[in-house]
J.: 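Below is a structure I'd like to ask you about.
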Protein chains: 2
Amino acid sequence: MQPARRLYRRESEETRRSALIAATQDLVAEGGPEAATVRAIAERAGVTPGLIRHYFQSKDELSRAAYRALMDGMTAKGADAIEAVGAKPEERLAAFIAASLRPPVLDAGAVVLWAGYMHKVRSDPDLMAVHEASYLAYRDTLQKLIETLPRTLLPGQTRAEAIACNALIDGLWVEGSLLPATFAPGEVITIGLASVGAILGVDLLAHTAMLPEFGKTLP
Amino acid sequence: MQPARRLYRRESEETRRSALIAATQDLVAEGGPEAATVRAIAERAGVTPGLIRHYFQSKDELSRAAYRALMDGMTAKGADAIEAVGAKPEERLAAFIAASLRPPVLDAGAVVLWAGYMHKVRSDPDLMAVHEASYLAYRDTLQKLIETLPRTLLPGQTRAEAIACNALIDGLWVEGSLLPATFAPGEVITIGLASVGAILGVDLLAHTAMLPEFGKTLP
DNA sequence: GCGACGATTATACGAGCGTGTAACAGATCG
DNA sequence: CGATCTGTTACACGCTCGTATAATCGTCGC
């Protein structure tokens with residue numbers, strides 16, 4: 001008697017691709033890049049290893065897709081946050097910062113995933129382009145938000161400020177994600193808003209009523 | 001005729017261990033963790049693969065030693081910088097920050113190495129201890145330097161400030177290392193000093209005469 | 001319903017991995 | 001100068017990796 005062949009359902013290309021990408025991201029986030037083998041990815045996605053090569057030319061292409069999806073997802077969260085609030089410059093900047101410092105962006109898995117791909121980003125021109133696009137888009141959004149603040153500006157000032165604020169947010173993102181137990185709820189956001197405010201000379205903590213971390217604690 | 005057996009010299013344990021550790025760090029920095037195979041490490045260190053197991057119980061132990069050496073080296077650079085300057089609080093803080101934002105601490109290889117080990121740090125209690133010790137030592141040094149500044153303090157203020165400054169320096173370290181072409185020489189240090197100064201309410205850029213990046217440009 | 005298409009599985013292959021073990025040879029000491 | 005010790009090499013083993021290819025069987029148009 002033959003061993004039973006595995007039963008399966010046909011799924012759309014979209015479904016399979018996103019399932020494989022999600023499985024890859026989960027495995028890298030949990031166990032680092034070396035845990036994301038084709039066999040582990042397939043098992044996590046509920047398929048057999050061969051199917052990966054049916055939807056992706058190689059495992060490397062799946063890896064690239066997973067990184068792309070990570071970066072796209074994170075930048076999308078920032079853009080969403082800006083759209084959800086009013087027109088006041090301080091409010092929009094505060095919402096943008098807060099979105100980067102709360103889940104799902106603030107997440108240990110996301111940081112490990114980001115870190116795990118760092119060397120591939122440096123060696124693969126395709127991934128480098130994805131990275132630069134995300135990075136510059138983020139910094140550009142930040143710089144534009146900074147420029148709308150009601151201040152008197154010196155020439156060339158906002159570039160340095162955007163770099164500094166970007167670095168600060170990145171650093172808090174890493175530390176807040178990796179050592180969440182070290183911080184009180186919302187503390188990372190508070191520190192981020194206070195520090196960015198200090199760098200820019202504006203009081204962002206006075207414009208937090210619309211943030212879920214602050215709005216509900218008012219009497 | 002037998003193939004010639006490879007010639008070799010006996011070396012001290014110290015020499016061999018550090019050579020293997022350096023080879024591991026170089027390979028991870030260049031090609032990520034998966035490039036640091038026992039065969040590649042041995043070749044880079046000028047020995048044969050078997051010798052690794054003579055000095056380290058396993059490849060994992062060598063990996064841990066390499067990470068430990070990285071973290072020790074970076075924290076040592078910060079301590080050195082403080083000792084090399086005078087007693088003025090602003091000067092000492094500025095020297096500490098600058099040391100973290102110039103080579104050899106500011107280095108793409110160091111960042112890729114640090115990132116490559118991130119998931120192992122999270123899963124290996126031994127490495128986690130190394131990481132926490134380094135991280136807290138750095139933040140503690142920073143906080144003590146902040147507390148010596150001539151300011152009137154609110155209770156609990158310096159903790160948040162140290163977290164923010166630490167995050168800012170970390171973020172600049174990553175970005176300045178990965179995209180060095182994006183910044184003018186010394187620009188990362190200037191931005192770091194200006195931003196930390198803004199967060200703390202002191203002018204650190206007025207105390208940079210003893211830094212190599214600034215001292216020599218004076219008339 | 002049934003035939004054809006192709007999404008999916010099954011299986012095999014070569015390469016490279018970390019590791020264990022035995023033989024060799026450079027240094028040291030009497 | 002020869003015996004001993006051990007740092008070092010050499011080699012083999014089992015495993016897992018990514019990939020290639022052929023067989024299968026769900027699905028959909030007719």
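Each chain gets a letter, A, B and so on, in the order its sequence line appears, and its residues count up from 1.
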J.: Would you indicate whether the side-chain heavy atoms of B/Lys120 and B/Met128 approach each other to under 4.5 Å?
T.: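 When only atoms from C-beta onward are counted, B/Lys120 and B/Met128 do not touch, as no gap falls below 4.5 Å.
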J.: Listed by chain and number, what are the salt bridge (charged side-chain N to carboxylate O under 4.0 Å, His left out) partners of A/Glu13, not counting sequence neighbours?
T.: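 Here the qualifying residues are A/Arg17.
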J.: Check the distance between D/dT9's P and B/Leu20's CG and give it to me in whole angstrom.
T.: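 In whole Å, D/dT9 P lies 10 Å from B/Leu20 CG.
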J.: With sequence neighbours excluded, give me every ring-ring contact (aromatic ring centres under 6.0 Å, His included) pair touching residues 6-44 of chain B.
T.: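 Listed by first then second residue: nothing to list.
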J.: Just distance, no hydrogens or angles: give the donor-acceptor pairs under 3.5 Å from side chains in residues 61-69 of chain B, sequence neighbours left out.
T.:
unit_1	atom_1	unit_2	atom_2	d
B/Glu61	OE1	B/Gln57	N	3.0
B/Ser63	OG	B/Lys59	O	3.3
B/Arg64	NH1	B/Asp124	OD2	2.9

J.: Send over the distance from A/Arg6 CZ to C/dT8 C1', rounded to a whole Å.
T.: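 Result: 9 Å.
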J.: Identify, with sequence neighbours excluded, every residue that meets side chain to side chain donor-acceptor pair (under 3.5 Å) alongside B/Arg44.
T.: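 Side chain to side chain donor-acceptor pair (under 3.5 Å) list for B/Arg44, sorted by chain: B/Glu30.
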J.: Expressed in angstrom and rounded to an integer, what is the separation of A/Asp60 atom CG from D/dG18 atom P?
T.: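 Interatomic distance, CG of A/Asp60 to P of D/dG18: 10 Å.
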J.: With a 3.5 Å cut-off and sequence neighbours excluded, list the donor-acceptor pairs that the side chains of residues 73-82 of chain B form with protein atoms.
T.:
unit_1	atom_1	unit_2	atom_2	d
B/Thr75	OG1	B/Met71	O	3.2
B/Thr75	OG1	B/Asp72	O	3.1

J.: With a 4.0 Å heavy-atom cut-off, tell me which residues in residues 41-49 of chain A come close to DNA chain C, sorted by residue number.
T.: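 Hits under 4.0 Å, by residue number: A/Val47, A/Thr48.
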J.: Base, backbone or nothing for each nucleotide of nucleotides 13-18 of chain C, written B, S, -, heavy atoms under 4.0 angstrom, 5' to 3'?
T.: ----BB
J.: Starting from C1' on C/dG20, measure out to CD on B/Gln57 and report it in whole angstrom.
T.: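 From B/Gln57 CD to C/dG20 C1': 14 Å.
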J.: How long is the line joining CG of A/Leu7 and P of D/dT27, in whole Å?
T.: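 Roughly 11 Å, once rounded to whole Å.
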J.: Can you name the ring pair (Phe, Tyr, Trp, His ring centres under 6.0 Å) partners of B/Phe56, sequence neighbours left out?
T.: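 By the ring pair (Phe, Tyr, Trp, His ring centres under 6.0 Å) rule, B/Phe56 matches no residue at all.
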J.: Listing time: all N or O pairs from protein to nucleotides 3-7 of chain D that are below 3.5 Å?
T.:
unit_1	atom_1	unit_2	atom_2	d
D/dT6	O2	B/Arg10	NH2	2.4
D/dG7	OP2	B/His54	NE2	2.8
D/dG7	N2	B/Tyr8	OH	2.8

J.: Among all residues two or more places apart in sequence or in another chain, which pass the side chain to side chain donor-acceptor pair (under 3.5 Å) test with B/Glu132?
T.: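 B/Glu132: no side chain to side chain donor-acceptor pair (under 3.5 Å) contacts found.
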J.: Identify each donor-acceptor pair in which a side-chain atom of residues 164-171 of chain A lies under 3.5 Å from a protein atom, sequence neighbours left out, and give them as a table.
T.:
none

J.: For residues 175-199 of chain A, pull every pair meeting ring-ring contact (aromatic ring centres under 6.0 Å, His included), keeping only residues two or more places apart or in separate chains.
T.: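 For residues 175-199 of chain A: none.
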J.: Please state whether the rings of A/Trp173 and A/Trp114 are parallel, tilted or perpendicular, taking 30° and 60° as the class boundaries.
T.: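 Perpendicular.
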